[in-house]
Amino acid sequence: MRNYLGLMLILSFSFVAHGAQVPILKVRVAKSRQKVLVSGMDLKRYIWPKKSLRKFAGFKKIKFNCVSRDIKKIKKPIRLATIKTSNGMIHWDQEKYKGVIHIQTDEKLNGCDIINETTLEDYLATLLPKEMSSNWPLEALKAQAVAARSYAYYKVKTAQVSRAKGFKTNYDLENSEKHQVNGSLYDVTRKTIKATKQTAGEILTLENEQITPVFFHSKCGGKTLTPGQVWQNRLPGYASVNCPFCHKHGLKNWKHKLSKQKVLSTFQKVLKQFNGDYSRFYSNSVQLAPDSRDTTRLRFYNDGDLKVIKKSRLRALMGRSNLPSNYYSLKMENDNFVVSGAGYGHGVGMCQFGAKELALQGYNYKQILAHYFPKMKLNKIY
């Protein structure tokens with residue numbers, strides 16, 4: 001049964017802090033759909049190519065065929081339609097969203113993208129039960145709300161997605177693990193609304209109040225990492241901190257074997273793709289240097305030459321099923337590699353299971369955030 005209680009709660013709650021205007025953001029909730037069905041009460045449909053507006057009284061279903069001949073003639077992604085409703089509630093794909101729905105051709109012109117335009121605070125209330133269980137302690141949810149709000153606010157204000165793609169995307173972030181995962185109004189609960197309301201307008205910034213992307217992950221396994229240790233970008237404001245709190249929760253320590261051929265071929269791919277090393281690779285002449293979980297780089301010798309690669313690069317190519325986190329060690333054992341590690345996720349920023357344990361121990365959300373982001377400060381921006 002769908003969470004209609006959450007739906008009624010969010011309808012009756014206003015996310016406005018001190019009369020200030022809450023930022024609007026656009027979230028790509030789905031992409032490359034062949035057909036789209038949107039429904040709601042008293043809909044207003046604007047067709048952008050024709051510049052035509054039509055209003056529908058009462059309940060109405062509107063269908064879009066995203067593989068029609070007319071759409072295939074389009075040379076670049078464009079917005080096709082915008083759908084609004086008098087009560088602000090729109091139904092799509094057995095879910096309900098608050099705000100406006102935009103439909104546009106996808107980037108490869110193979111279908112339609114669905115974009116939900118809504119307020120940042122309404123978005124967060126649907127995100128919390130997806131990124132962190134709504135049954136978790138309130139203070140952990142509040143810490144998650146601040147982290148997620150900070151990340152989304154940065155995306156909106158910097159137009160980072162459009163800048164990265166090199167064209168105007170018409171959305172600020174997408175509903176996926178690449179950015180952040182959010183749900184619909186059916187996912188909202190009293191606790192997610194409370195966590196959102198009690199932190200309304202609060203984000204983490206650098207000490208000079210400059211905005212920055214704030215990251216989080218499932219479980220660090222004992223120590224968080226900085227962006228520079230995992231990705232190419234070195235962001236200010238991050239520190240690697242010890243986290244002895246997450247061991248009681250989530251995925252336990254893991255250990256398994258990987259085929260020697262698979263690991264060595266990935267070594268070679270990492271060297272070429274990330275290190276720009278196109279020198280000849282000798283699969284039969286690889287010696288792995290002693291490794292530990294606390295190191296973020298793997299060292300090995302190939303035909304006597306020392307090679308160094310980031311563990312995160314190896315994980316990026318081998319996938320999460322083979323390497324659940326970046327906190328692992330690797331050793332050669334006969335015809336296999338034995339990998340053992342802890343945690344789950346990229347390891348940067350706030351450890352969610354660590355935040356849960358801290359909340360259970362009585363820490364409030366400000367103390368939780370201060371532990372994982374000691375070089376940042378909490379700011380109320382609206």
Side-chain angles (χ1 to χ4, degrees), residues 9-27 98-99 116-132 134 136-161 172-173 179-182 188-217 224 227 235-239 241 348-352 354-356 358-359 362-382:
L9 284 169
I10 199 168
L11 280 172
S12 63
F13 182 76
S14 176
F15 289 109
V16 179
H18 302 300
Q21 187 172 358
V22 179
I24 299 295
L25 79 163
K26 299 182 182 72
V27 185
K98 194 171 183 181
N116 177 214
E117 180 178 337
T118 188
T119 70
L120 178 51
E121 301 299 319
D122 285 339
Y123 162 76
L124 286 173
T126 71
L127 175 145
L128 292 180
K130 291 295 186 179
E131 287 287 2
M132 182 179 280
S134 58
W136 283 19
L138 178 62
E139 294 302 313
L141 287 166
K142 289 162 69 174
Q144 179 65 64
V146 173
R149 183 185 293 109
S150 304
Y151 182 87
Y153 188 77
Y154 175 84
K155 290 286 189 180
V156 172
K157 290 300 180 180
T158 63
Q160 190 273 332
V161 175
D172 301 301
L173 70 170
H179 292 159
Q180 296 184 144
V181 179
N182 69 288
V188 175
T189 69
R190 290 183 184 276
K191 192 179 279 188
T192 65
I193 287 179
K194 190 174 183 179
T196 306
K197 179 181 179 181
Q198 292 186 359
T199 63
E202 294 183 346
I203 66 168
L204 289 171
T205 67
L206 301 179
E207 289 294 335
N208 61 3
E209 299 190 0
Q210 181 180 348
I211 59 174
T212 188
V214 174
F215 299 104
F216 51 88
H217 60 279
T224 67
L235 292 173
Y238 278 88
V241 300
V348 178
M350 187 180 76
C351 172
Q352 292 172 313
K356 177 183 180 180
L358 283 168
Y363 289 80
N364 62 42
Y365 77 102
K366 293 181 180 180
Q367 293 170 319
I368 293 171
L369 293 170
H371 174 76
Y372 291 107
F373 305 100
K375 294 184 178 181
M376 297 185 192
K377 66 178 183 178
L378 195 62
N379 267 315
K380 191 173 182 69
I381 56 172
Y382 57 83

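Proximity of L206 to P236: side-chain heavy atoms (C-beta onward) are separated by under 4.5 Å at one or more points. Considering only heavy atoms from C-beta on, I193 stays 4.5 Å or farther from T196 through its side chain. Looking at heavy atoms from C-beta onward, T212 lies out of side-chain contact with F373 at the 4.5 angstrom threshold. Within the 4.5 Å cutoff, side-chain heavy atoms of L173 are placed close to those of V27. The shortest distance between side-chain heavy atoms of F215 and L235 falls below 4.5 Å. For the pair I24 and L120, the minimum side-chain heavy-atom distance is 4.5 Å or more. No side-chain heavy atom of M132 sits less than 4.5 Å from a side-chain heavy atom of F216. Counting heavy atoms from C-beta on, the side chains of Y123 and K98 never come closer than 4.5 Å.
Counting all heavy atoms, side chain and backbone alike, A148 lies closest to L124 at CB-CD2, 3.7 Å. For T199 against A145, the heavy-atom pair with the smallest separation is OG1-CB, 3.7 Å. Taking all atoms of both residues into account, the shortest heavy-atom contact from A152 to Q180 is CB-NE2, 4.1 Å. Here the closest heavy-atom approach between residue Y238 and residue P213 is recorded as OH-O, 2.7 Å. Smallest separation of non-hydrogen atoms from S150 and L204: OG-N, 2.8 Å.
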Apply side-chain contact (heavy atoms from CB on, under 4.5 Å) to the pair Y372 and L358, showing each step before the final yes or no. CA-CA 11 Å; Y372 291 107; L358 283 168; 3.9 Å; yes
Determine whether V348 and T224 satisfy the following criterion, side-chain contact (heavy atoms from CB on, under 4.5 Å), listing intermediate values before the conclusion. CA-CA 6 Å; V348 178; T224 67; over 6 Å; no
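Screening residues 139-149 for salt bridge (Lys or Arg N to Asp or Glu O under 4.0 Å), with sequence neighbours left out, gives E121-R149, E139-K142.
When the ring-ring contact (aromatic ring centres under 6.0 Å, His included) test is applied to Y154, no partner is found at least two apart in sequence or on another chain. Under the side-chain hydrogen bond (donor to acceptor under 3.5 Å, both in side chains) criterion, T205 pairs with N379, not counting sequence neighbours. Partners of K377 under the salt bridge (charged side-chain N to carboxylate O under 4.0 Å, His left out) rule, at least two apart in sequence or in another chain, are E209. Taking K26 as the reference, R79, H102, I115, E117, Y171, D172 meet the side chain to side chain contact (heavy atoms under 4.5 Å, CB included) condition, with sequence neighbours excluded. Applying the ring-ring contact (aromatic ring centres under 6.0 Å, His included) rule to H179 yields no partners; only residues at least two apart in sequence or on another chain are considered. With sequence neighbours excluded, no residue satisfies salt bridge (charged side-chain N to carboxylate O under 4.0 Å, His left out) with K194. Every side chain to side chain contact (heavy atoms under 4.5 Å, CB included) that P374 has, sequence neighbours left out, goes to A239, V241. Under the side-chain hydrogen bond (donor to acceptor under 3.5 Å, both in side chains) criterion, Y365 pairs with E202, sequence neighbours left out. In this view, Q160 and K155 satisfy the side-chain hydrogen bond (donor to acceptor under 3.5 Å, both in side chains) rule, not counting sequence neighbours.
Between the side chain of Q367 and the backbone N or O of N364 there is at least one donor-acceptor pair closer than 3.5 Å. Although no hydrogens or angles enter the test, the distance criterion places no donor-acceptor pair under 3.5 Å between the side chain of K356 and the main chain of C351. Checking side-chain atoms of T126 against main-chain N and O of N182 turns up no donor-acceptor pair under 3.5 Å. A donor-acceptor contact shorter than 3.5 Å links the side chain of H217 to the backbone of M350. Looking only at distances, no side-chain donor or acceptor of T189 sits under 3.5 Å from a matching main-chain atom of S134.
The distance from atom CD1 of I211 to atom OH of Y151, rounded to the nearest 0.5 Å, is 12.5 Å. Rounding to the nearest 0.5 angstrom, the gap separating the OH atom in Y363 from the CD1 atom in I368 is 9.5 Å.
For the residue pair Q144/E131, the side-chain donor-acceptor check at 3.5 Å is not satisfied.
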